[in-house]
Amino acid sequence: MRFIFDLNTWQEIFGSIKKNKTRTIITVIGVLWGIFVYIAMAGAAKGLDNGFERAFETVAMNSMFTWAQSTSMPYAGYKTGRRLQLKIQDVTVLENRIPEIQYIAPRNAKGVFGDTPAKVIRGLKSGDYAIYGDFPIYTKIATKKIYDGGRFINDEDIAQNRKVCVIGERTEKELFEEGENPIGAYIRLDNIYFQVVGVHKFTPGGGFESDSDVFIPFSTFKKLYNTADNVGWLTIAAYDDADVVQVEKDVKGTLKNIHKVDPRDERAFGAFNLGEVFNKIMGFAKGMTFLSLVVGIATILAGVIGIGNILLIAVKERTKELGVRRALGATPKEVKSQIILESVFLTTIAGVLGIILGAFVLNIVNILTKDGDFPYANPTVPIPYVLGAMGLMIVLGTLIGLIPAQRAVSIKPIDALREE
Amino acid sequence: MAMIEIKDLHKSYQMGSNSLHVLKGINFSVEAGELVAIMGSSGSGKSTLLNILGMLDEANEGSYELDGVPIKNLNETKAAQYRNKFLGFVFQSFNLINYKTAAENVALPLYYQKMPRKERQEKAIKYLEQVGLKDWATHLPSELSGGQKQRVAIARAMAAEPKVLLADEPTGALDSKTSYEVMDLIQKINDAGNTILVVTHEPDIADMCKRIVHLKDGVIVEDKKVKQVRAAQYV
Ligand SMILES: Nc1ncnc2c1ncn2[C@@H]1O[C@H](COP(=O)(O)OP(=O)(O)O)[C@@H](O)[C@H]1O
Ligand SMILES: [Mg+2]
């Protein structure tokens, strides 16, 4: 060990590395390329991963929507093609029968699925916007960021059928003057006055709603548009550990049971399972990470083997030199240590350069993809990965250095020195 | 007490089923301060004998003592340490390390003695000065003439302050004028009290030593003191 911290040792190694430039450059490039590929790929995979996660960050990962359609099979005396309608009572039944459900938010909307949006007027300004009737619990499933000073719909709004609304950023811009505080102001939704209680922040990439949506209490929506107990669709979040595909099946099964639909009828209820989609995407991102790990390590390995090869050739070329060194008093251990240290040193230098280059390229890609819809963000490589790669290289550098080192001392100095 | 004492030394090389008996019972001793030429025709075993004395090779039989230390059953590490401490080598083909400067080459045995860098450098310069090459300290071997290379090699061998300097055909690759310059240097080193063995097959080189040992068919056929011819008169 003392040997490693001895300045003399390093002077010898630097000397040998400096004086054999071609060899040094070729070996360094080999490993540099390997670690660069590894870092770039792992970082890119992480960037995709982050990007997808950002795209989904406003929505619970294991959530789904379900809505009613028409039956496609006759059942229990009903004819086929019967239009189905979700009811507010379904919510309690679903909650009771399916323990995996964490939150369930019934929703209604106007101006979303092809029907006419609401006319919203404030003074001389007006616009057509989608209106949602919501429960406060909806924010547990899809996060709504509300600007300071405002709030989302609360339980009292529901209980008292309050005429309050949460508007979007664009709605605010289109109905209010610059700098005007919309909180507390009144706007007319389809000719009824509503008080603005909050402005929600639009998150790009969330992709499911827009920056102009207006949210009002579910109960108020019901009175305003005479929807009675009808529910447009249900947003359901399952517990983190639940199997979202199974939950979707259970939900559909229960709804079929409530609405007297043939259990085999696949078209009666529609569903969009975010959790399933999310799992697929995350599976893809994980696959990418894994692939980058495999490819990266294989490339590093190839690079290190390249170093070993070149060192081996170098040892053959240096047979005479090593013989001279041994005649002058280098012990086998000193000769071996020098060759192994050369190997480790070259691998490590190449590794560090590769990491720097990889980080540099990742940073450029990050800057280029910053303002875009491409799901890519913060392509960082976790420190343990980097340290792991460095550790791997030191270990591999040592192991691969052992071969030429062993070869160097396997020749007796007398044979190394023999004049041809 | 003799500096080198060998008794009944045998060496044979095994080549397949054949065995080549090269040294067939060598007895001789060298006192401190001697300058000995080992002569003989090509293939007579001169290098073999010198390599055994230099602990680069081992005899099959017989004993060898260097300054009272029995040299026997050395492992590679021990042999390396002894070579470093006790012996200096000069080869026919110089064997300088081509990517090291003259001074770095001279300092190399001192590195293996774990001498600090500064001291090493100072000592290397001092020995280069003694061989008249101080101004060439930072030059690579490729920038030196053959005679200069051999003088660097001698400086390197002497820098470690060995008990014995072993030179295997040190003038073999040099023209006669340069050979005499090298012999002049060797004589001066010997004048300073150092023990030196020179292998050569050139009689004029052997005459510049103080004693000539003649090898033939694996035995010493002649061992005589001679009146030393000074090389200085030819340079
Ligand atoms: N490693 C070896 N293996 C086999 N034979 C060898 C070896 N080294 C030397 N010899 C043989 O031993 C004999 C003596 O060689 P050497 O000592 O080099 O002679 P010299 O130096 O006097 O010319 C020669 O015949 C040579 O071929
Ligand atoms: Mg010879």
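Every chain is numbered from 1, with letters handed out A, B, ... down the list of sequences.
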Mind listing the side-chain donor-acceptor pairs of residues 129-140 of chain B below 3.5 Å, one per line with the distance, residues two or more places apart or on another chain?
residue, atom, partner, partner atom, Å
B:His139, ND1, B:Glu143, OE1, 3.1

Taking non-hydrogen atoms and a cut-off under 4.5 angstrom, which of [range] neighbour chain A?
range	value
residues 35-61 of chain B	B:Asn51, B:Leu56, B:Asp57
residues 154-174 of chain B	B:Arg156
residues 67-77 of chain B	B:Glu76, B:Thr77

Exercise. Shortest non-hydrogen contact from A:Ala330 to B:Ala80?
Worked result: O-CB, 3.5 Å
For this session: Locate the shortest heavy-atom distance separating A:Ala327 from B:Phe91; write the atom from each residue and the value.
Result: CB-CZ, 4.2 Å
Seminar exercise, completed: Which of B:Leu96, B:Ile97, B:Asn98 passes side chain to side chain contact (heavy atoms under 4.5 Å, CB included) with A:Glu321? It is B:Ile97
Problem set entry | Spatial distance of atom CZ (A:Arg325) from atom CG (B:Leu108) [nearest 0.5 Å] | 5.0 Å
Exercise. Does any heavy atom of chain B fall under 4.5 Å from the side chain of A:Arg318, the backbone, both, or neither of them?
Worked result: side chain
Exercise. More than 12 foreign heavy atoms under 6.0 Å from OH of B:Tyr13: is that the case here?
Worked result: yes
